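Working notes for the structure below.
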Amino acid sequence: MSGAVKPSGAAATTVELTVWWAALTGLWLVLVSSLDTLEYLVGAAAALLGAFAARAARRAAAGDADRGRPR
């Protein structure tokens with residue numbers, strides 16, 4: 001039996017988006033040649049859009065894109 005607790009609902013969404021955002025921001029910072037404030041802000045914004053896209057793609061692949069919508 002596993003002792004891990006899976007968050008659900010808004011907490012799971014927040015955790016997933018935060019992890020994707022952190023990973024994509026870190027990747028941006030590794031790949032950028034010069035780091036200044038504007039580069040960081042652009043990278044963080046692009047990573048946020050990427051995080052939402054990654055979550056949407058994962059949900060679509062899992063088949064739960066329409067979960068929670070009334071029929």
Side-chain angles (χ1 to χ4, degrees):
M1 179 177 351
S2 175
V5 177
K6 286 182 66 176
S8 62
T13 299
T14 302
V15 168
E16 182 178 1
L17 288 174
T18 302
V19 169
W20 273 113
W21 176 81
L24 293 172
T25 300
L27 181 63
W28 177 278
L29 293 175
V30 167
L31 296 177
V32 72
S33 61
S34 64
L35 184 60
D36 61 9
T37 305
L38 184 58
E39 282 285 337
Y40 178 74
L41 292 175
V42 169
L48 185 60
L49 292 174
F52 277 103
R55 181 173 187 276
R58 187 205 47 84
R59 289 188 62 184
D64 63 350
D66 61 347
R67 185 175 51 173
R69 293 184 187 166
R71 294 184 186 216

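For this chain, numbers begin at 1 and follow the sequence in order. The structure displayed is predicted, hence computed values, not measured ones.
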When you compare the side chain of E16 with that of V19, does any pair of heavy atoms fall below 4.5 Å?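 A side-chain contact is absent here, since even the closest heavy-atom pair is not under 4.5 Å.
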
Side chain to side chain, Y40 and T25, heavy atoms closer than 4.5 Å: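 A side-chain contact exists here, since the closest heavy-atom pair is under 4.5 Å.
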
Rounded distance [0.5 Å steps], CZ in R55 versus CG in L17: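 Atom-to-atom, R55:CZ and L17:CG are 6.0 Å apart.
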
What distance do L48 atom CG and T18 atom OG1 have between them, rounded to the nearest 0.5 Å?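 The CG atom of L48 sits 9.5 Å away from the OG1 atom of T18.
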
Do [X] and [Y] share a hydrophobic cluster, counting only Ile, Leu, Val, Met, Phe, Trp and Tyr and linking them when any side-chain heavy atoms are less than 4.5 Å apart?
{"X": "L31", "Y": "L35", "answer": "no"}
{"X": "F52", "Y": "V15", "answer": "no"}
{"X": "L24", "Y": "L41", "answer": "no"}
{"X": "L27", "Y": "W20", "answer": "no"}

Determine whether a donor-acceptor pair (N or O, by modelled atom type, separation under 3.5 Å) exists between the side chain of W28 and the backbone of E39.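 The answer is yes, because a donor-acceptor pair under 3.5 Å joins these two groups.
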
